[in-house]
Amino acid sequence: MAVQTVAGTADTTAAATPNVDLGPAAALSCRECGERFELGPLFACASCFGPLEVAYELPTGAPEELRKRIEAGPDNIWRYAPLLPVPADVAEKPNLNPGFTKLVKADNLARELGVTGGLYVKDDSGNPTHSFKDRVVAIAVEAARAFGFTTLSCSSTGNLAGAVGAAAARAGLRSCVFIPHDLEQGKVVMAAVYGGELVGIEGNYDDVNRFCSELIGDPLGEGWGFVNVNLRPYYGEGSKTLAYEICEQLGWRLPDQIVIPIASGSQLTKIDKGFQELIKLGLVEDRPYKIFGAQAEGCSPVSAAFKAGHDVVRPQKPNTIAKSLAIGNPADGPYVLDIARRTGGAVEDVTDEQVVDAIKLLARAEGIFGETAGGVTVGVTKKLVEAGVIDPTLTTVVLNTGDGLKTLDAVSATSQATATIKPSLDAFRAAGLASA
Ligand SMILES: *Cc1c(COP(=O)(O)O)cnc(C)c1O
């Protein structure tokens, strides 16, 4: 089969590790210097310490054939297996089969925001553990299997811990995950209920992440696959499926504008990678698109750097209700800045109060109860439409990456019973809610 290199440099000479079958994944390549490495549990370039990403030998040939093959595939991310670092028989293995979540045409929200060009909410609360993290974990599980890891682990702002716990349970692997000790109850329970080990660390996410990096280099963590550390290049590829699905659901068309939440920034950079791959493969028409990043003001290091015109991101100490996005030192921050600037997009932030208002706006307008990260993207969309930065006449997609049931505290104070009454018609009449 003819091949084409998509990520990294034009160098196609590095051979794939012979006994590791991760489908079209050919090698790891350094995002900074382009050096290539055999597929393995590596995450940093041995020469320049740059982040590694998966380079592919993707199918060439008629786009129409590939499109048909994808459309005939299962209703989950495995329909895109030819474009992912997974073995061809991935769909037959025990896993949670995330993805192919709804792309909701949000006409009510569009009216509220004054958007006329078509507004869509990609609702990833519909995944097995109710966040987008099931996508990235599903890919990391395949890498863990390929490299012979028997324990799955991660540093998490909450959703990832639940996704890893559930995926490990289904795959028959042990799991031991690490979270900041003060997360929302819904996230803690979701992470614990699948029966793996859950460890609360007295510190914020950046402390948890630093701890995990130490554990990887220590015999205590031997044989452990940390999905977002030593399996990070594979994990990240799961986010490309959001780009694939959105384009397929729009009728194999790129959106004009997309609003994506930023924690580490991985998801945003990989959605851009996914769009670029679809263009290169001829599956969508090559037209300009703008990528907008969304943060909460209380953890807005990327937004601050974007507004200041900086190329580097100055770490912050997070203080926001949007805990799933509370990464003060985002690994992919500089790449997010590049992408926002290259595509003509922007990075913006909203206050916690605006997050709460936006969660309720989305719920009231579309019947979608998003988590705080969804409040961040909807809030930023509103702000950027009002500022004239997002063009209301163009097709716009907003991501809701998690389920509001996991972050009830954000809205519980202002979402209560309208009235509490005795079970009598008189009492109901007195409450002033009756139609007559
Ligand atoms: C993890 C997460 C994100 C994005 O994370 P990145 O680290 O930027 O890839 C977005 N929304 C939710 C709900 C998450 O849990």
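Both ligands and their constituent atoms are indexed starting at 1 by order of listing.
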Using the rule given for salt bridge (charged side-chain N to carboxylate O under 4.0 Å, His left out), can you reason through D124 versus R135, listing the C-alpha separation, both sets of side-chain angles and the distance that settles it, and then say yes or no? CA-CA 10 Å; D124 248 12; R135 298 175 183 274; 2.7 Å; yes
Surrounding NZ of K383 (heavy atoms of other residues, nucleotides or ligands, distance under 6.0 Å), is the total greater than 12? yes
Sorted by chain and residue number, the side-chain contact (heavy atoms from CB on, under 4.5 Å) partners of V193 (sequence neighbours excluded) come out as none
Counting heavy atoms not belonging to R314, are there more than 12 under 6.0 Å from its CZ? no
Mind jotting down which protein residues get a heavy-atom contact under 4.0 Å with ligand 1? Chain and number order, please. F132, K133, N159, P261, I262, A263, S264, G265, S266, Q267, S324, L325, E371, A373, T401
Step by step, work out the side-chain hydrogen bond (donor to acceptor under 3.5 Å, both in side chains) result for E237 and Y56. CA-CA 11 Å; E237 296 297 288; Y56 292 92; 2.5 Å; yes
Distance from L399 atom CG to S125 atom OG, nearest 0.5 Å? 12.0 Å
